[in-house]
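Everything below concerns the one structure shown next.
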Amino acid sequence: VAVACLTAWFATQVSDGIFALAVTSASLAASGLFPALLLGIWWKRATAVGALLGMLLGFAAGAAYVASILYGGMTPWQPLGSGGSGLPPMAAAFFGVPIGLLAIALFSQLSAPPSPERIEIIEAIRRPTPSPFFDN
């Protein structure tokens with residue numbers, strides 16, 4: 001309840017940028033969660049240590065980019081040949097997702113491999129099952 005109230009108060013204070021704030025928050029969530037979801041399901045070698053550190057580092061990279069632009073006075077990064085105004089804070093996932101993927105790959109390789117039982121659980125997640133709601 002306290003978080004919802006704080007968020008509502010913040011939204012009233014930044015009324016002209018509420019859409020940018022919403023998109024930026026989704027980009028930050030993707031920076032932390034997407035790499036762990038992707039590699040956790042599709043790469044058998046992913047570990048809990050790798051996923052945790054990948055989530056933290058991916059989110060931290062995205063948050064650092066947003067904070068540097070909004071509060072640090074940094075100019076948005078300009079891709080070569082873009083000619084525009086650069087990547088806005090709402091594109092933080094551009095940095096966070098690759099860093100999260102690399103961190104998961106690195107730290108998963110440095111930690112003990114998952115047990116055969118855990119690999120079987122992941123394979124069961126990927127294996128489709130017949131649905132009771134549709135005729136097969």
Side-chain angles (χ1 to χ4, degrees):
V1 173
V3 171
C5 291
L6 182 65
T7 304
W9 174 81
F10 186 72
T12 62
Q13 302 302 311
V14 200
S15 62
D16 59 334
I18 197 69
F19 177 74
L21 184 65
V23 175
T24 302
S25 66
S27 182
L28 288 174
S31 294
L33 299 175
F34 179 74
L37 179 65
L38 179 71
L39 293 182
I41 292 175
W42 297 108
W43 187 40
K44 290 181 184 181
R45 185 60 176 87
T47 64
V49 170
L52 178 64
L53 291 172
M55 289 168 59
L56 291 173
L57 292 174
F59 178 81
Y65 184 71
V66 170
S68 296
I69 292 173
L70 296 181
Y71 305 111
M74 183 179 101
T75 57
W77 181 70
Q78 292 261 356
L80 292 176
S82 67
S85 60
L87 290 176
M90 60 182 92
F94 183 80
F95 300 102
V97 169
I99 289 173
L101 289 169
L102 288 173
I104 292 171
L106 174 68
F107 291 110
S108 290
Q109 290 295 330
L110 294 175
S111 59
S115 66
E117 294 83 19
R118 185 158 311 260
I119 291 174
E120 180 57 37
I121 292 170
I122 296 302
E123 287 179 356
I125 291 172
R126 294 188 303 180
R127 197 176 313 126
T129 58
S131 173
F133 301 108
F134 300 103
D135 291 330
N136 292 332

Heavy-atom pair of closest approach, residues [X] and [Y]:
X     : Y     : answer
Ala22 : Ser25 : O-OG, 2.7 Å
Pro89 : Leu70 : CG-CD2, 3.9 Å
Ala93 : Pro98 : O-CD, 3.7 Å

Would you mind listing every salt bridge (Lys or Arg N to Asp or Glu O under 4.0 Å) that reaches into [range], with sequence neighbours excluded?
range           : value
residues 99-113 : none
residues 19-37  : none
residues 51-76  : none

Rounded to the nearest 0.5 Å, how far apart are CD1 of Ile69 and CE of Met90?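 It comes to 10.5 Å.
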Got a sec, which pairs hit side chain to side chain donor-acceptor pair (under 3.5 Å) with one end in residues 116-126, sequence neighbours left out?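 For residues 116-126, and leaving out neighbouring residues, the side chain to side chain donor-acceptor pair (under 3.5 Å) pairs sorted by first residue read Lys44-Glu123, Ser115-Glu117, Glu120-Arg127.
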Sorted by first residue and then second, give each side chain to side chain donor-acceptor pair (under 3.5 Å) pair with at least one member in residues 45-58; sequence neighbours left out. Thr47-Ser108, Thr47-Ser111
Under the ring-ring contact (aromatic ring centres under 6.0 Å, His included) definition, can you give me all pairs with a residue in residues 105-124, not counting sequence neighbours? none
Could you pull out all donor-acceptor pairs under 3.5 Å where a side-chain atom in residues 51-68 meets a protein atom, sequence neighbours excluded?
| unit_1 | atom_1 | unit_2 | atom_2 | d |
| --- | --- | --- | --- | --- |
| Tyr65 | OH | Trp77 | N | 3.1 |
| Tyr65 | OH | Leu87 | O | 2.6 |
| Ser68 | OG | Ala64 | O | 2.7 |

Side-chain donor-acceptor contacts of residues 30-39 below 3.5 Å, not counting sequence neighbours, with atom names and distances?
| unit_1 | atom_1 | unit_2 | atom_2 | d |
| --- | --- | --- | --- | --- |
| Ser31 | OG | Ser27 | O | 3.0 |

